[in-house]
Number of protein chains: 2
Amino acid sequence: MTAAMQLTNVLKTLADPTRRAVFERIIREGEIAATGLVQGSKVSQPAVSQHLRALRDAGLVAERREGRHIHYRVAPKGLGPLIDWLGHYETFWAERFANLEKLLKESE
Amino acid sequence: MTAAMQLTNVLKTLADPTRRAVFERIIREGEIAATGLVQGSKVSQPAVSQHLRALRDAGLVAERREGRHIHYRVAPKGLGPLIDWLGHYETFWAERFANLEKLLKESE
DNA sequence: ACAATATATAAGCAATTACTTATACGATTG
DNA sequence: CAATCGTATAAGTAATTGCTTATATATTGT
């Protein structure tokens, strides 16, 4: 899988508002089971499950099974392709990007 | 238009590889006419034109008419919604990275 | 005015997407 | 074991997408 394909996957995955909302909720909660995500969601349990699969396939979340529950959490490297891509065009938006690149370097 | 909607537009627009390639070419060239973009593209002139419209509608490029030619250039603020969104979770990433660092140190 | 060039729009179509309901799987409890 | 809970998958569908060819709309030059 090329870097471009990974970036495409990340962008496509985050482009859907419902799915992005799930992702943002996982970010806020730190770790949360699928049931918790279904509660307070506008869509059905299967829809949430499908979004979770898409997020996992894109490398954006990781899961941890605990009995019947599966707890989802953010995969810190998941946004890597996106941040890397932005970094290539840093000169166009250098001032706003400075902080993000600093964070990326610190995470390595 | 809410910030979330603008972000959705930016992500959707960049998620298509062909359209993103057009955007990246505009970045590299600085300013380039639609004809130049069609040359060296895998898709037809109308396809390029449609991609340019999508990029413009998403606020990612601006245009300047010069006679028959329309020159496209990057709109510097176009990626704002994306940068802002990433920055919004900056604290989270920082904490995550800090935890990761802490874990690495503890495992030594 | 006419022809040529640059770009945009229209119409149609196959592929993809995001959802639904129904069902299956997996783990726990009684 | 059976019942139940948490989650995933299957199947179907309406809407969207990205492309094509054909045509329209500028703009310029002869």
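In what follows, chains carry the letters A, B, and so on, assigned in the order in which the sequence lines appear, proteins first and then strands, with residues in each chain numbered from 1. All values reported here derive from a predicted model rather than from experimental measurement.
With hydrogens and angles left out, the side-chain atoms of Trp85(B) and Gln6(B) include no donor and acceptor closer than 3.5 Å.
Residue Leu52(A) contributes atom CG, which lies 12 Å from atom C1' of dG6(D) at whole-angstrom precision. His69(A) places its NE2 atom 11 Å from the P atom of dT29(C), with the value rounded to the nearest Å. Atom CD of Gln45(A) and atom P of dC25(C) are 15 Å apart (whole Å). Per the geometry, CG belonging to Leu11(A) stands 14 Å off P belonging to dT17(C), to the nearest Å. Following rounding to the nearest Å, His51(B) (NE2) and dC19(D) (C1') show an atom-to-atom distance of 8 Å. Spacing between atom CG of Leu55(A) and atom P of dA18(C) amounts to 11 Å, rounded to whole angstrom units. Taking atom CG of residue Leu14(A) and atom P of nucleotide dT17(C), one finds them 14 Å apart after rounding to whole Å. Distance, Asp57(A) CG to dT9(D) C1': 14 Å, rounded to whole Å.
Which of dT20(D), dC19(C), dT9(C) sits closest to the side chain of Ser49(B) comes down to dT9(C). Taking only side-chain atoms of Pro46(A), from C-beta outward, the nucleotide of dA10(C), dG18(D), dA10(D) with the closest atom is dA10(D). Of the listed nucleotides (dA8(D), dT9(C), dC19(D)), dA8(D) has the atom at the smallest distance from the side chain of Ile70(A).
Put simply, the side chain of Val74(B) reaches to within 4.5 Å of the side chain of Phe23(B), judged on heavy atoms.
Smallest separation of non-hydrogen atoms from Arg19(B) and Thr13(B): NE-O, 2.8 Å. His69(A) and Ala33(A) make their closest contact through CD2-CB, 4.1 Å (heavy atoms, listed as atom of the first residue, atom of the second, distance). Between Leu11(A) and Leu14(B), the closest heavy-atom pair is CD1-O, 3.4 Å.
Nearest-nucleotide mapping onto DNA chain C: of Gln50(A) and Lys12(A), the residue sitting toward the 5' end is Lys12(A). Comparing Thr18(A) and Tyr72(B) along DNA chain C, the residue whose closest nucleotide (by nearest heavy atom) sits nearer the 5' end is Tyr72(B).
Remark: Glu63(B) does not engage Arg65(B) in a salt bridge, criterion side-chain N to carboxylate O under 4.0 Å.
Around CZ of Arg64(A), the count of heavy atoms belonging to other residues, nucleotides or ligands within 6.0 Å exceeds 12.
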Completion exercise
For nucleotides 24-30 of chain D, 5' to 3', base contacts (B), sugar-phosphate-only contacts (S) and non-contacts (-) with protein non-hydrogen atoms under 4.0 Å give ---BB--
